[in-house]
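Report on one structure; see the data block that follows.
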Amino acid sequence: MWFVHPSLMGIRQRDLKNGLKKKKINSKKAIKKIHKQSFACEPDAEDALKEFIKGHQSEYYPLTGRIVTEQKRKPGRPPKNGNPDTVTRYRLEVEYTTDEKAVQKTRERLSCFVLITNIPDNEYSSKEILKEYKQQSSIETTFKFIKDPFYVGPLYLQNKNRLETLAYVLLIALLLFNILERRVREALKHEKKPLIIPGKKKTFR
């Protein structure tokens, strides 16, 4: 089952946006640097272009490049006939584009997550499955009670049956704890004065 969750979408879309921005900045810096280089022969320029595209290619910002031939004057004093000696140099021109389809596909993927269940479709709807999934936090908070070393210390039992029995005892204790907690909450609904909890906070919960 696929679900679109607004809060997840916001967080992941922001991370994607920041990641794309960083990739674009890095691409611009790398392109600016390679544009300043020149090569003495065309094969060297071709190898450099292939290596650059291979090392900086991105699924979101595909690169294209070409080799440009330039004639540059040799350094030093020009000859008396007025025609300066030139040398042929090769440089690279690289550009990047934005693959909007790839960006949109990633946006859609990041805005969804998968829930797998063995409950038949005719028993629970997708919305009900999502609701049950979101309520897991209360279950995890409850089980945290028996995982606390303050209540359950190291176990030295080696017999499998004794370990299983102790686990049932702990579950029964947890059940009793929840019943007492529920009774306290119900009783607080009829109280006129709030409880003072740690931190000197007042609450009816």
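FYI, side chains are in, hydrogens and waters are out, and symmetry mates aren't considered; it's all heavy atoms of this structure.
The side-chain heavy atoms of Pro194 and Thr203, taken from C-beta on, include no pair separated by under 4.5 Å. Put simply, the side chain of Ile119 reaches to within 4.5 Å of the side chain of Ile129, judged on heavy atoms. A heavy-atom distance below 4.5 Å is not found between the side chains of Gln37 and Arg91. Using a 4.5 Å heavy-atom cutoff, the side chains of His56 and Tyr96 are not in contact.
In this structure, Ser58 OG and Leu63 CG are separated by 8.0 Å, a value rounded to the nearest 0.5 Å. Between atom OG1 of residue Thr165 and atom CG of residue Asn159 there is a gap of 8.0 Å, rounded to the nearest 0.5 Å. The distance from atom CG of Leu170 to atom CG of Leu166, rounded to the nearest 0.5 Å, is 4.5 Å. Taken from NZ in Lys21 to CG in Asn26, the straight-line distance is 12.5 Å, to the nearest 0.5 Å.
Around atom CD of Gln57, more than 12 heavy atoms belonging to other residues, nucleotides or ligands sit under 6.0 Å away. Residue Glu128 places its CD atom among more than 12 non-hydrogen atoms of other residues, nucleotides or ligands, all under 6.0 Å distant. Within a 6.0 Å radius of CD1 in Ile179, other residues, nucleotides and ligands contribute more than 12 heavy atoms.
Pairing each heavy atom of Phe39 with each of Ala48, the nearest pair is CZ-CB, 3.4 Å. Closest non-hydrogen pair, Leu20 versus Val103, comes out as CD1-CG1, 3.8 Å. Across every non-hydrogen atom of Glu59 and Ala102, the tightest pair is O-CB, 3.6 Å. The two residues Cys41 and Tyr90 have their closest heavy-atom pair at C-CD1, 3.5 Å. Between Ile67 and Glu42 the shortest heavy-atom distance is CD1-O, 4.2 Å. Scanning both residues, Phe52 and Ala30, for their nearest heavy atoms gives CE1-O, 3.6 Å.
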Criterion side-chain contact (heavy atoms from CB on, under 4.5 Å) on Leu16 and Arg107, from CA distance to verdict: CA-CA 8 Å; Leu16 175 62; Arg107 285 200 184 106; 3.5 Å; yes
Steps toward side-chain contact (heavy atoms from CB on, under 4.5 Å) verdict (Gln71, Val87): CA-CA 6 Å; Gln71 298 294 328; Val87 60; over 6 Å; no
Stepwise side-chain contact (heavy atoms from CB on, under 4.5 Å) test for Asn18 and Arg14: CA-CA 6 Å; Asn18 293 337; Arg14 185 184 67 238; 3.9 Å; yes
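Between Arg66 and Glu93, at least one side-chain N (NZ, or NE/NH1/NH2) sits under 4.0 Å from a carboxylate O, which counts as a salt bridge.
In the hydrophobic cluster analysis, where Ile, Leu, Val, Met, Phe, Trp and Tyr join through side-chain heavy atoms closer than 4.5 angstrom, Phe177 is grouped together with Leu171.
No donor-acceptor distance shorter than 3.5 angstrom exists from the side chain of Thr98 to the backbone of Glu100, with no hydrogens or angles considered. Counting only distance, with no hydrogens or angles, the side chain of His35 and the backbone of Val94 share a donor-acceptor pair below 3.5 Å. Under a 3.5 Å cut-off, the side chain of Glu108 and the backbone N or O of Lys105 do not form any donor-acceptor pair.
Between the side chains of Tyr60 and Thr106, at least one donor N or O lies within less than 3.5 Å of an accepting N or O. Inspection of the Thr88 and Glu70 side chains reveals no N or O donor paired with an N or O acceptor under 3.5 Å.
Sorted by first and then second residue, the side-chain hydrogen bond (donor to acceptor under 3.5 Å, both in side chains) pairs with a member in residues 175-188 read Glu186-Lys189; sequence neighbours excluded.
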